[in-house]
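If you read the sequence from its start, that first residue is 1, and numbering goes on from there. Indexing begins at 1, ligand by ligand and atom by atom, following the structure's order.
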Amino acid sequence: MSTSYLAQRMASIEASGIRRIWALAASRPNPVNFSIGQPDFDAPEAVKAAAIEAIRRGQNGYTLTAGLPQLQEAIAEQVEREFGWTRPAVLVSSGLSGALLVGLMATINPGDGVLFADPYFVSYRHLVNLLGGQCQYIDTYPDFSLAAERIEAALQPNSKVMIVNSPANPTGAVYSADQLREAADLAGRNDVLVFSDEIYKDFSYDGPAESIARYYERTVVMRGFSKSYGVTGWRLGYLAAPEPLRGLIEAMATLQQYTFVCAPHPFQQAALTALQTDVGEPIRHYAAKRDMIYEGLKDHFDLVRPAGAFYAFVRAPQDRATPFVERAIEHDVLVIPGSVFSRRDSHFRLSYATGDERIQTGIERLCRLAQA
Ligand code: PLP
């Protein structure tokens, strides 16, 4: 075929490296799968029942672009309580991924800078590149904390948005109140808008995760139902911001109108139940899994004790992640090389969102490989 139908923008993005690992692993009969980015627990019964009931009641059509009014209200009440915002603007989105897309599309011109921590959640880099923006990496090695001087080193005159992700994928870092306050201060002095990606908000094991929105009013809070309620396939999230940012949220809603149209209606109905449902119990088990991973690996690998999400970002022997990951796959353990999430390839990401026995087996295999 001589004609390429591909748009030029496709040259700026590439397929997720995670999927490449899955393809490599496809031939392995029963690997320990530490590559998964979703919890291993199912949605709470009441939340599932609410979705089924909504479908049965015929609540299957479009909703308003910005979401069901009762859901917008429930979200607004929650963020009002948390941040003291009056009349916050809310947009129910198609997952946090949908929030990121409309959020970045509404704000980033070609050449605008977007700051985020390296290592980062993969979508940030690709979405920014897709829009012709400039990725401005905040180097957080080796402890993955968000120190002010690290942000300062990444800031440029064209910096416009900073994405703050705490608890973080892929490192499991949870930023302290002091760090968030300092980040807020720097953002304010440099007129930078903050997107706070709080998808792992409920997965914080050493105390509640703080939001930068408490310290900075030019923050768009982005949250999702995917991980907390075990409903990654429902595609449900939201954006919320204080009243002065209402115009921005409305622009994002306009983009949603022409892209996702609205978040799935029956799941928006179920979200009303989800917001009333405590997810403490399944998540408490994740604290124990975190301990298992850290205690199991720390004598054989260099790793920072993760404080949240369900990932550990572990230093590979000789700082060479890809060859180590290939060996791990040959020994039936699936992990992801750091180069998927970073400009470096010195670490690998491990997700412990799996059964305890599998975690134990995986730890044993990895430790054996580290000694080999
Ligand atoms: N943000 C981070 C940091 C994530 O890790 C993920 C999913 O892995 C998302 C956003 C996307 O979540 P959603 O399922 O709500 O689109």
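The protein atom (non-hydrogen) at minimum distance from atom 6 (C) of ligand 1 is Phe121 CZ, 3.4 Å. If you check which protein heavy atom lies closest to atom 7 (C) of ligand 1, you get Lys227 NZ, 3.0 Å. Nearest protein heavy-atom contact of atom 11 (C) of ligand 1 is Ser97 OG, 3.4 Å. Summary of contacts: the protein heavy atom closest to atom 1 (N) of ligand 1 is Asp197 OD2, 2.6 Å. Considering only non-hydrogen protein atoms, atom 15 (O) of ligand 1 sits nearest to Leu96 N, 2.7 Å.
Under a cut-off of 6.0 angstrom, the local environment of NE2 in His331 is sparse, with at most 12 non-hydrogen atoms contributed by other residues, nucleotides or ligands.
Near Tyr200, the atoms of ligand 1 lying under 4.0 angstrom from a non-hydrogen atom of the residue are 3 (C), 4 (C), 5 (O), 8 (O). Applying the 4.0 Å criterion to heavy atoms of Arg235 picks out, from ligand 1, the atoms 13 (P), 14 (O), 16 (O). Here is the list of ligand 1 atoms found below 4.0 Å of a heavy atom in Asn165: 3 (C).
By the 4.0 Å N-to-carboxylate-O rule, Arg344 lies too far from Asp319 to be salt-bridged with it. Lys160 and Asp191 are not joined by a salt bridge, as no carboxylate oxygen comes within less than 4.0 angstrom of a charged side-chain nitrogen. Under a 4.0 Å N-O distance rule, the pair Asp202/Lys227 does not qualify as a salt bridge. Ion pairing between a basic and an acidic side chain is recognised when a charged N comes within 4.0 Å of a carboxylate O; Asp40 and Arg358 show no such pairing.
A heavy-atom distance below 4.5 Å is found between the side chains of Thr140 and Arg150. In this structure the side chain of Asp197 reaches within 4.5 angstrom of the side chain of Tyr124, judged on heavy atoms.
Residue-level proximity to ligand 1 for Ile199 is carried by the side chain, the only part with a heavy atom below 4.0 angstrom. Only the side chain of Ser226 comes within 4.0 Å of ligand 1, counting heavy atoms alone; its backbone N, CA, C and O stay farther away.
Within the structure, ligand 1 has Gly95 among the residues with a heavy atom less than 4.0 angstrom away.
The aromatic ring centroids of His347 and Phe144 lie less than 6.0 Å from each other.
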